[in-house]
Amino acid sequence: MAITLFVRGLINSSIRMNDTGVFTKPGPHQYPHQWNWDSALIALGLSHFDLPRALTEIRALLSGQWQDGMLPHVVYHQTPSDYFPDPAFWQIENSPNAPRFSTSGITQPPLLATIVRRLHARQPILEFVEEIYPSLLEWHRWLHTARDADGSGLVCIIHPWESGTDDSPRWLELLAAIQPETVPEFQRGDTRYVPALERPHRAEYERFIHLIDVFRKLGYVPADLLVHSPFLVQDVLFNSILFCADEDLRALALLLNQPTDAIDVWLSRMRSSFDARFWNDQMGLYYDYDLRSERSIQVNTITTFLPLFAGVASNAQAERLINSHLTNPSEYASQDGIWYGVTTTARTEPTWESRRYWRGPVWIITNWLVLEGLQRYGYDDLADRIRQDTLHLVEVSGFREYYDARDGSGCGSENFSWSAALTLELLMAPPNAENK
Ligand code: DGY
């Protein structure tokens, strides 16, 4: 009974509050449009109580797909707002591939195929899968072609916002190396509703904007972006999520009796490059790779655990990641035995900050990604511990965008949709449930 009331409270308070009927805002003020990976997770949450609305969410996201297959990180749906960058700032009309709708000109981690497969496994939605499969396939094809910068089969990102972990300390050195001669005039909107100390510093933000300026001047031509983008990274999180999503896309293809040859090639190329590029055997960590300086980005963040989510780590690698890092009190586990979830940057990093965006706070999404990975490798007790801590966190601090890693107090946007959606997921899909 308590859970039922609690779940009903969740639905009313956050997901429904941010629902425009067609898409769900990630946060009521801070993020008033449709974000790509937020939307996939929101659909997962919605599916527990309103499957048709979940499918509408996915259709709305796909309505922003570019003609070459790119699925943008934001779809604006002509909703007026004070959000910056506004749709006009992207100048996507400079691209011959731009869609009818206003969107951003970059992408975000490709969770959607994984979510669609899960929805279908829980309740058959074959017609819907048939309807959207070509769009999913085109997005994955675009990622594996337009974003394979070195022929390795791994895909690259061109902007920190594409990583989904915008302000991660992984990007600091790379961004500092970018010295823009000019930055277009802009007025930040992100510190209007959230305290500045919880948001990126000005230096990083200026480079975020400078990168957009570079891309719009290049007309978003994929080949030119690979040559000229000052930021070009193979990201462990992005590639892990893509690997998992490729496997899920393959399962959807089989369901529809569609050929899997192209997907098989993508998977085998990623698998054969993954370790050589990302695994650091000395440290027992996965590190991102900077294609511009041709160097590994040796910063220890939560994204090192994403290969567990994807299932690309060996059992021995998993054991090292978990025993030497995840449960290490000086890195990810807290000293007093209370976790609140997993801090997003190891506390040993000098750039660790408890409340600033991706510099250290706990996020519900990363807790979920980590515990899913732990379950995949049979670390059920630890996964359940993180699950319980996550539920405790939202009970005490509500559905916030992220949480102070020291005391679990809320940071960032209030009434954050994916925090509510994933709480529903944690409550309704019990640990070890067969998700596939
Ligand atoms: C923002 O506005 O900070 C977003 O994270 C960009 O996607």
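All values reported here derive from a predicted model rather than from experimental measurement. Side-chain atoms are counted along with the backbone in the values below, which use heavy atoms only and exclude waters and symmetry mates. Whatever order the structure lists ligands and atoms in, that order sets their numbers, starting from 1. Residue indices begin at 1 and follow the sequence shown.
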Any N or O on [X] sitting closer than 3.5 Å to an N or O of ligand 1?
X    : result
H73  : yes
W35  : yes
Q108 : no
Y357 : yes

Please confirm whether the backbone N or O of [Y] pairs with a side-chain atom of [X], one donor and one acceptor, at under 3.5 Å?
X    : Y    : answer
R359 : D167 : yes
R387 : L426 : yes
R400 : G412 : yes

Please state which protein non-hydrogen atom is closest to [atom] and give its distance, to 0.1 Å?
atom                   : result
atom 2 (O) of ligand 1 : Y83 OH, 2.6 Å
atom 4 (C) of ligand 1 : D166 OD2, 3.5 Å
atom 6 (C) of ligand 1 : W161 CD2, 3.5 Å

- Message: Measuring from non-hydrogen atoms of F208 to any atom of ligand 1, is the shortest distance under 4.0 Å?
- Response: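 No, that is not the case, since the closest heavy atom of the residue is not under 4.0 Å from the ligand.
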
- Message: Just to check, does D190 reach to within less than 4.0 Å of ligand 1 when the distance is taken from its heavy atoms?
- Response: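 No.
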
- Query: Could you give all pairs that pass the side-chain hydrogen bond (donor to acceptor under 3.5 Å, both in side chains) test and reach residues 173-182, with sequence neighbours left out?
  - Reply: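 For residues 173-182: none.
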
- salt bridge (Lys or Arg N to Asp or Glu O under 4.0 Å) with D50: which residues, sequence neighbours excluded?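 Counting only residues at least two positions away or on another chain, D50 forms a salt bridge (Lys or Arg N to Asp or Glu O under 4.0 Å) with R16.
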
- Only one of V155, D150, I297, I157 clears side-chain contact (heavy atoms from CB on, under 4.5 Å) with Q234; which?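 Per the side-chain contact (heavy atoms from CB on, under 4.5 Å) rule, the option paired with Q234 is D150, out of V155, D150, I297, I157.
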
- Say whether Y31 and E401, considering side chains only, have a donor N or O and an acceptor N or O under 3.5 Å apart.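 The answer is yes; a qualifying pair exists.
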
- Query: How does R199 reach ligand 1, if at all, at less than 4.0 Å between non-hydrogen atoms: by side chain, backbone, both, or neither?
  - Reply: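 Near ligand 1, R199 shows its side chain, while the N, CA, C and O stay back.
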
